[in-house]
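All values reported here derive from a predicted model rather than from experimental measurement. Convention: sequence-line order gives letters A, B, ...; per-chain numbering from 1. Just so it is clear, the values below take in all heavy atoms, side chains as well, and ignore hydrogens, waters and symmetry mates.
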Protein chains: 2
Amino acid sequence: MNRQAQPNLSRGQIVAEAFELLEEAGLENLSMRRLAARLEVQAPAIYWHVTDKAELLGLMAREIYAAAYAGTGPAADWRDWLGQFGRVLNAQLAARRDGARLCALARPPSPADAPLHAGRIAAPLIALGLDEERALAHQAAVISFTLGWTTFETNGPMRDYLRQMMDFDATFTAGLDALVSGLRA
Amino acid sequence: MNRQAQPNLSRGQIVAEAFELLEEAGLENLSMRRLAARLEVQAPAIYWHVTDKAELLGLMAREIYAAAYAGTGPAADWRDWLGQFGRVLNAQLAARRDGARLCALARPPSPADAPLHAGRIAAPLIALGLDEERALAHQAAVISFTLGWTTFETNGPMRDYLRQMMDFDATFTAGLDALVSGLRA
DNA sequence: ACCTGAACACCGTTCAAGT
DNA sequence: ACCTGAACACCGTTCAAGT
């Protein structure tokens, strides 16, 4: 009965459960042991599917970015695409508890993936007419701005005070538009 | 002899030693126990001077921002000031190991400080003619962009690959200029 | 006022051993 | 191939007790 010829765990399950734990417990309580308990497994079992806690965080970050790419629709030109992408990424980061902090902390899944990752990053902008160097630079600028902004926006004490002073969404959009309109073709 | 009428420890000493430990060990090895050992004290002693590890990180982050404000000289106008500030902050964040990740992770020292903190944030720009709302918004935009950028710039694997593709300093400056020139008065 | 000693409730990770 | 049991070397934090 419990011979279990099929594995109980998969990377996908682990990452999905990690997001639920993140939501309930926050980044500082996202531990391998608590995650294992949720998966009804002993902690070392996770290490068969994932080398590291760092790798797990990297996979989670990658999923957030992937959702932002997927949520960015067809665009009239590269500025339009960047503006859309920034807003969707902001929404994806803010939708998860500690999403921005997670992405700031995480490192790319693996060094070997870096070139491939960079290729994907640049692809949509290249398709809209930018050369690779500008595509990478502009995409990095928009991701940077959005990640940094969302870090502040979701940062407890400061948020509560600043929201009295400004409309976060409007101010974010204004900054993003300022940035995108200033980038050169 | 060892009656020590004077305290051995101060917040300043603790924060200073924490920066040295950060340099040697990195953010994930910055522990209260290791810090205590460096200060030749037992770990609980630190808690007399600092309520929390979170507070300690907040104090460290504040010191980095303070250095950026201090390093920003007199400016011709508010755009000039923001450009300078962005470049100095980038340098300050990159000068410390894991500086950007530290600042992304840290929360402001105390909720009660938020209004005061916000006041200081806005002050230089208000002195250069911006109203408070725009001053806060623009300063937040520049800090966000710089913090996000430096997070990537100092993020191991990605850095090594991207540096073949672009000059980080030049690309950062281009993005910062794009942002600042797009902000409205 | 300022610090130590001892303890509580955890961590990430490794590794032999099971199935 | 995939997981458990047990262990190693740590954590942050509390709190009584010392001085």
Side-chain angles (χ1 to χ4, degrees), chain A residues 1-22 24-61 97-98 101-102 105-107 109-110 156, chain B residues 1-22 24-61 97-98 101-102 105-107 109-110 156:
Chain A
M1 275 207 154
N2 266 337
R3 295 272 191 81
Q4 54 188 25
Q6 304 298 335
N8 288 333
L9 245 47
S10 71
R11 274 163 92 100
Q13 255 175 69
I14 291 171
V15 173
E17 197 69 47
F19 271 115
E20 288 190 28
L21 176 54
L22 179 68
E24 287 182 18
L27 185 56
E28 54 258 84
N29 295 312
L30 175 55
S31 77
M32 299 300 266
R33 296 175 109 116
R34 286 172 74 135
L35 178 55
R38 282 181 147 269
L39 292 162
E40 291 177 347
V41 113
Q42 302 304 310
I46 297 178
Y47 287 83
W48 177 257
H49 301 272
V50 144
T51 66
D52 235 32
K53 185 178 181 181
E55 190 189 34
L56 175 61
L57 296 180
L59 291 168
M60 294 175 77
R97 165 123 83 136
D98 290 329
R101 290 229 294 267
L102 168 65
L105 206 62
R107 305 193 179 258
S110 109
Chain B
M1 276 206 150
N2 265 337
R3 295 271 193 81
Q4 52 186 31
Q6 304 296 336
N8 288 334
L9 245 47
S10 71
R11 272 163 92 100
Q13 257 174 68
I14 290 171
V15 172
E17 196 70 45
F19 271 114
E20 290 191 26
L21 176 54
L22 179 67
E24 287 181 19
L27 185 56
E28 53 257 85
N29 296 311
L30 175 55
S31 78
M32 298 301 263
R33 296 175 109 115
R34 287 173 75 136
L35 178 56
R38 284 181 146 267
L39 292 162
E40 292 178 343
V41 112
Q42 302 303 311
I46 297 178
Y47 288 82
W48 212 90
H49 301 272
V50 144
T51 66
D52 237 22
K53 184 176 182 183
E55 191 190 31
L56 176 60
L57 296 181
L59 291 169
M60 295 176 77
R97 159 120 89 132
D98 291 328
R101 290 229 293 265
L102 168 65
L105 207 62
R107 308 195 178 253
S110 108

Worksheet item: Does A:R34 come within less than 4.0 Å of A:E24, counting only side-chain N to carboxylate O?
Response: no

Worksheet item: Are the side chain of B:E55 and the backbone of B:T51 linked by a donor-acceptor contact shorter than 3.5 Å?
Response: yes

Practice prompt. Determine the Euclidean distance between corresponding C1' atoms of D:dC3 and C:dA16; express it in Å to zero decimal places.
Written response: 13 Å

Discussion item. To the closest 0.5 Å, what do you measure between CG (B:N29) and CZ (B:R97)?
Written reply: 8.0 Å

Item to complete: For A:D98 and A:L27, indicate whether the former's side chain and the latter's backbone hold a donor-acceptor pair under 3.5 Å.
Response: yes

Discussion item. Rounded to whole Å, how long is the line connecting atom CD1 of A:I46 with atom P of D:dT4?
Written reply: 10 Å

Fill in: Smallest separation among heavy atoms of B:L21 and B:S31, with atom names
CD2-O, 4.0 Å

Worksheet item: Counting distance only, does the side-chain N/O of B:R11 pair as donor-acceptor with the main-chain N or O of B:H49 below 3.5 Å?
Response: yes

Worksheet item: Quick one: CG on A:L30 to CG on A:L35, what's the gap to the nearest 0.5 Å?
Response: 7.0 Å

Worksheet item: Where the side chain of A:W48 is concerned, which of C:dG5, C:dA1, D:dC3 is the nearest nucleotide?
Response: D:dC3

Worksheet item: Among residues 9-21 of chain A, which contact DNA chain D at a heavy-atom distance under 4.0 Å?
Response: A:L9

Worksheet item: Just to confirm, is there a sub-4.0 Å distance from OP1 or OP2 of D:dC3 to any side-chain nitrogen or oxygen of A:H49?
Response: yes

Fill in: Strand DNA chain D in bracket notation, Watson-Crick/G-U under 3.5 Å with | for pairs to another chain
||.|||||...|||||.||

Practice prompt. Hey, could you give me the CG/CD1 distance between A:L9 and A:I14, rounded to the nearest 0.5 Å?
Written response: 4.0 Å

Worksheet entry | Contact letters for nucleotides 10-18 of chain D, in which S counts primed atoms plus P, OP1 and OP2 and B counts the base, heavy atoms under 4.0 Å | -BBBBB---

Discussion item. Please give me the minimum heavy-atom distance between B:L22 and B:M60, naming the atom from each residue.
Written reply: CD2-CE, 4.1 Å

Worksheet entry | Nearest-0.5 Å distance that lies between atom CZ in A:R101 and atom CG in B:L105 | 5.5 Å

